[in-house]
Each structure stands twice: as C-alpha cells, then as structure tokens.
Engineer: 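Mind looking over this structure? Questions follow.
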There are 2 protein chains.
Amino acid sequence: MSLDRRKQIIDAAAKSFALFGYKATTMDQIAKIAQVGKGTIYTFFANKEELFNEILQQVIFEMKHIADRESAEQRPFHEKVFRILDQALEFRSRHELAMKLSQELRDVGTPMANEALNRLESELLTYIEAQLQSAMDRGELAQGDPRIMSFIMYQLYRSLTTEWNKIHDPLDKDTIKETFYKYFMKGILRVTPYESKDE
Amino acid sequence: MSLDRRKQIIDAAAKSFALFGYKATTMDQIAKIAQVGKGTIYTFFANKEELFNEILQQVIFEMKHIADRESAEQRPFHEKVFRILDQALEFRSRHELAMKLSQELRDVGTPMANEALNRLESELLTYIEAQLQSAMDRGELAQGDPRIMSFIMYQLYRSLTTEWNKIHDPLDKDTIKETFYKYFMKGILRVTPYESKDE
DNA sequence: CAAATGACCAAATTGTTATTTTAGTCATTT
DNA sequence: AAATGACTAAAATAACAATTTGGTCATTTG
C-alpha cells in the first residue's frame, strides 16, 4: 500500500499543479485529492518544492523518451526531426503543466514557475544540442556551432507555435513544418548547393 | 518661444521615459526638467499618455527613416538587409526607451509599456512585410507568405540579440550576421541552388 | 489678453496593520 | 511502524491610513 500511496500523491499533485499552477496548489488540497492525510505527503517528500520537482522531472523524462525512441530509428536526420516535431506539436496540448506554469509566470510571477520553465528549456536545449552534435559527427549535418544551432532550432519552433499565436490565428501543422524546413533545415542540412559565392 | 516650449517638453519627457520608464516618470518631473510649469504641458498634450505616444511615434519614425534611406539605395536585396541589420544592431544600444520599457514590463508589468512595445513590434512587422513584398514583386525573393517571412525574420533577429543574451554572453556582430544569413537568407533568397529534390 | 503657471483636488499608489491561509511539525491513533 | 490531522509559525491577503500623482483652473505674467 506504501508504493501505491506515493503514486496517489504524485498523481494528485500533478493534476493540481497542471490545473491551478504552483502557488495556487496547496498541500491540503493535494492530500484531499490523493485521499491521504497531509502528514503522509511529508513521509515521501521533504516539502512542496521537492514534490513539484519530482513531477517536473517526470515530464522531462517523458519528453526525452519520446525523442529518444524516434531518434533511435534508422532514418535520415531531417526525417527524424520532422517526426519529433510532429510529436512535439501533438504533445504540446498535453503539457498543461508547462502551459499553466508560463501563465502563472506572466500573471503572478511565481519564482518557482520561472525556475521550472528555465529548467525545462535548459534541458530541452541541452538535449537538442547533443542530438545535433551526434548528427554532425555522423556527417548528416553541415559543420556549425551546435549551441547556436540548437538555440535557433528551439527559438524557431517556439516562434512558430507560441509566439505566433500571440498576434495571429494559429498556423496549421503543415505550414509550421514547411516553414520550419524552409528556414531551419535549408540552413543546416548538408545538401550544400553551393557555398554562397555570390558574396 | 511657443514652439520651443513644445520641444523642451518633448526632450525632457523623452529623456525621463527612457531613463525611468513610463510609470516612474511624473508630470511634475517632466515640467521641472523642461523648466516649464506643469500646466504648460497640458496646453500641448491632453495627458501623459498622449505625450508618451508622441515620443514613441518619433522613435518609430526614426527607425523607419533609417531603413528607408537604406532600402532606397541601388543594391541587391540581401545586401540591403545586411546593412539595415547592421544599423539596427548599432541603433539597438541607442534605444534606451524600448529597453527601459521592456524592463518595466518585466519588473512592474505596466500596461502602457506593454501596449507601447506591442505597437513598436507591430509597426516593425508591418514595415518589414511591406519591404519583403516589394522585393518579392521585383523578383528578388522567392515567393512565399510575407506575413510569415517577416515574422520569422523579426523573431530570428530578436532571438539572436535579446533572447540569446538571457542565457549566454552576447554574440558578436559578425556571428549574428552570419547566422542570420545562414538561416534566414538561405531560406528566402532567390538564388535557388536547386529545389530540394533530395526529398 | 492670451499664454504660462503652480496651488489645489480627486484618484491612484504606496505604506502599515489586522486577518486569514498555508507549509510544515509532531503527539496521538491505527 | 506508518498514517493522521490538530496545531503553529510564517507567509499571503485584506483592510485601512498616508502619500503621491495626473489633471484642472483661477490667478499671474509678458
């Protein structure tokens, strides 16, 4: 029953954090949803922050797992990118947690929400960077600074999804993929048409 | 002396808004700096907001002027882009106003600062879009949706300057230009190496 | 007498104190 | 030995007082 209790707590907390954000989620509430005494939570997690981090870690693992599964496949690099992109766009609607956190950051400025989002972003960038580096080693990509590459890739994705939606109607998935290809892949793929001798 | 008074007020206000932001700038302070009675300000501007908008408009005009001068020149499109980019990077350090406003938005969340930045961004996007459209009409660019193009262009610029600096040391100007070329120009220029027949 | 002015006021902002909520503890129960 | 919920100190919120500020207008000035 003990392991089950831990799961109950995590589930309840995950639900509540995603629904109400970090600040508005109280330990009493989590205990109630988990049908557990409040003290019980503290036998598994030292404090609210640690409980939250556990859940955040799970989200990060889930994201990495999806990408890992895809990149293990035997496919050309650009195809993998597309497929991961696809899944990310699909997954997007599922990470209510990240959504809620960024809303909370905007509205209330909760430092914990800020930290969490930074960590998520940082993990994502590190992951992308490693992937690009290994693709570069395999010769699938033109040489370049993977730190800048991964940053551009992330920013472009972010621009086409989150940022665009702030001022326009959302772009449909095909347009996003097409634009992503046009601006990112062309600049990065090793098709090397000719090296800009026009300048 | 009347026209001179107006200028005095605008100069004082511009200085103060850029230095302290919208909220922290008081009408009394502007009057003092401008060496003018507070009531005098209200013979030229209906209220604080209108005075602020006048100054914002001037910044927008100045930006447009710089770009217009450049794009009137007889040069290939991509060169113009680079030169404007150069000037923008140079100018950037000079628009303390925009800088201060975005800081104010982050720190205090002043709605006026938010509005102002949105307007600045919107003007910029409209301008870029028009420029891209006309370059496209002249056949200097490959066909494409200029709304998305201008958005990407702006976001990429923003990413390489503002956003990058949030997590790393600033990129030097040459790296910015190079990256900008690699990811934006390659995807957009009508040099058409060959149309991605690899897929 | 028209333009400029600064004392003045209502409204908004800030500072302060009272009240409530909440994270975390621990003596008691299961 | 694990689970619990009443309890407490600290933090968040609400209520209220004091101050600041945008905007007005009767008076002054050139």
Side-chain angles (χ1 to χ4, degrees), chain A residues 1-17 19-56 100 103-116, chain B residues 1-17 19-56 100-101 104-116:
Chain A
M1 194 49 99
S2 181
L3 271 169
D4 202 40
R5 273 200 149 67
R6 192 187 144 92
K7 193 183 175 323
Q8 273 178 294
I9 291 166
I10 288 185
D11 286 350
K15 205 178 294 182
S16 190
F17 282 133
L19 205 55
F20 306 112
Y22 181 79
K23 204 183 164 197
T25 292
T26 71
M27 295 304 261
D28 280 301
Q29 193 181 27
I30 294 173
K32 202 162 167 191
I33 297 175
Q35 289 178 297
V36 153
K38 184 160 67 154
T40 311
I41 299 177
Y42 288 88
T43 63
F44 294 106
F45 305 94
N47 49 41
K48 187 179 177 181
E49 191 172 331
E50 215 171 83
L51 173 56
F52 175 73
N53 283 337
E54 172 70 30
I55 286 157
L56 193 64
K100 193 67 203 177
Q103 187 210 316
E104 187 175 352
L105 183 58
R106 272 202 317 277
D107 299 351
V108 200
T110 312
M112 199 69 217
N114 185 37
E115 246 179 71
Chain B
M1 197 44 105
S2 182
L3 272 168
D4 202 41
R5 273 200 149 70
R6 193 186 145 91
K7 191 180 176 324
Q8 272 178 296
I9 293 167
I10 288 184
D11 287 350
K15 204 178 294 180
S16 189
F17 282 132
L19 206 56
F20 305 112
Y22 181 79
K23 204 182 163 196
T25 292
T26 71
M27 295 304 262
D28 280 301
Q29 194 181 26
I30 295 174
K32 203 161 164 191
I33 297 175
Q35 289 179 296
V36 154
K38 184 160 67 153
T40 310
I41 299 177
Y42 288 88
T43 64
F44 294 106
F45 305 95
N47 50 40
K48 187 179 178 182
E49 191 171 330
E50 214 171 85
L51 171 57
F52 176 74
N53 283 336
E54 172 71 30
I55 287 156
L56 193 66
K100 194 66 203 179
L101 287 176
E104 187 176 351
L105 183 59
R106 273 202 315 279
D107 300 349
V108 199
T110 312
M112 200 68 217
N114 185 37
E115 245 179 73

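The sequence lines fix the lettering, A, B, ..., with proteins before strands; numbering per chain opens at 1.
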Engineer: Start at the 5' end of DNA chain D and walk down; is the nucleotide closest to A:G39 or to B:T25 reached first?
Structural biologist: A:G39

Engineer: Counting side-chain heavy atoms from C-beta on, which of C:dA7, D:dG5, C:dT5 comes nearest to A:K38?
Structural biologist: D:dG5

Engineer: Between D:dG5 atom P and A:M27 atom CE, what is the distance in whole Å?
Structural biologist: 15 Å

Engineer: Taking the minimum atom-to-atom distance to the side chain of B:R5, which one of C:dA4, C:dC8, C:dG24 wins?
Structural biologist: C:dA4

Engineer: Looking at B:T40, does any N or O in its side chain come under 4.0 Å of the phosphate oxygens OP1/OP2 on C:dT5?
Structural biologist: yes

Engineer: Using 4.0 Å as the upper bound for N to carboxylate O, is an ion pair formed by B:D28 and B:K32?
Structural biologist: no

Engineer: Of the candidate nucleotides D:dG23, D:dC7, C:dA4, which contains the atom at the shortest distance from the side chain of B:T43?
Structural biologist: C:dA4

Engineer: Of the nucleotides C:dG6, C:dA23, C:dT5, which has the atom closest to the A:Y42 side chain?
Structural biologist: C:dA23

Engineer: Checking B:D11 against B:K7 for the salt bridge (charged side-chain N to carboxylate O under 4.0 Å, His left out) test, could you report, in this order, the C-alpha distance in whole Å, the side-chain angles of both residues, the deciding distance, and whether it holds?
Structural biologist: CA-CA 6 Å; B:D11 287 350; B:K7 191 180 176 324; 2.8 Å; yes

Engineer: Could you tell me how far apart B:D28 (CG) and D:dT20 (C1') are, to the nearest whole angstrom?
Structural biologist: 9 Å

Engineer: Please work out whether the ring planes of B:Y22 and B:F52 are parallel, tilted or perpendicular, with thresholds of 30° and 60°.
Structural biologist: perpendicular

Engineer: Please check the phosphate of D:dG22 (OP1 and OP2 only) for any side-chain N or O of B:K23 closer than 4.0 Å.
Structural biologist: no

Engineer: Rounding to a whole Å, what distance do you find between B:I9:CD1 and C:dT5:C1'?
Structural biologist: 12 Å

Engineer: For B:I41 and D:dC25, what is the distance between atoms CD1 and C1' respectively, to the nearest whole Å?
Structural biologist: 16 Å

Engineer: In whole Å, what is the span from the NZ atom of A:K32 to the C1' atom of D:dG5?
Structural biologist: 13 Å

Engineer: Check whether any side-chain N or O of A:R6 sits under 4.0 Å from OP1 or OP2 of D:dA3, and answer yes or no.
Structural biologist: no

Engineer: Going by purine N1 to pyrimidine N3 plus the second Watson-Crick contact, or the G-U wobble pair, all under 3.5 Å, which nucleotide sits opposite C:dT30?
Structural biologist: D:dA1

Engineer: To the side chain of A:K48, which of C:dT14, C:dG24, D:dG23 is closest?
Structural biologist: C:dG24

Engineer: Rounded to the Å, how far apart are A:Q35 CD and D:dG5 P?
Structural biologist: 12 Å

Engineer: Identify which nucleotide among D:dG5, D:dT21, C:dG6 has an atom closest to any side-chain atom of B:T26, counting heavy atoms from C-beta outward.
Structural biologist: D:dT21

Engineer: When you measure from the side chain of B:S16 to the backbone of B:T25, do you find a donor-acceptor pair of N or O atoms at a distance under 3.5 Å?
Structural biologist: no

Engineer: Does B:Q35 CD have over 12 foreign heavy atoms under 6.0 Å away?
Structural biologist: no

Engineer: Over how many whole Å does the gap from A:I30 atom CD1 to C:dG24 atom C1' extend?
Structural biologist: 13 Å

Engineer: Figure out the CD/P separation between B:E49 and D:dT21, and round it to whole Å.
Structural biologist: 19 Å

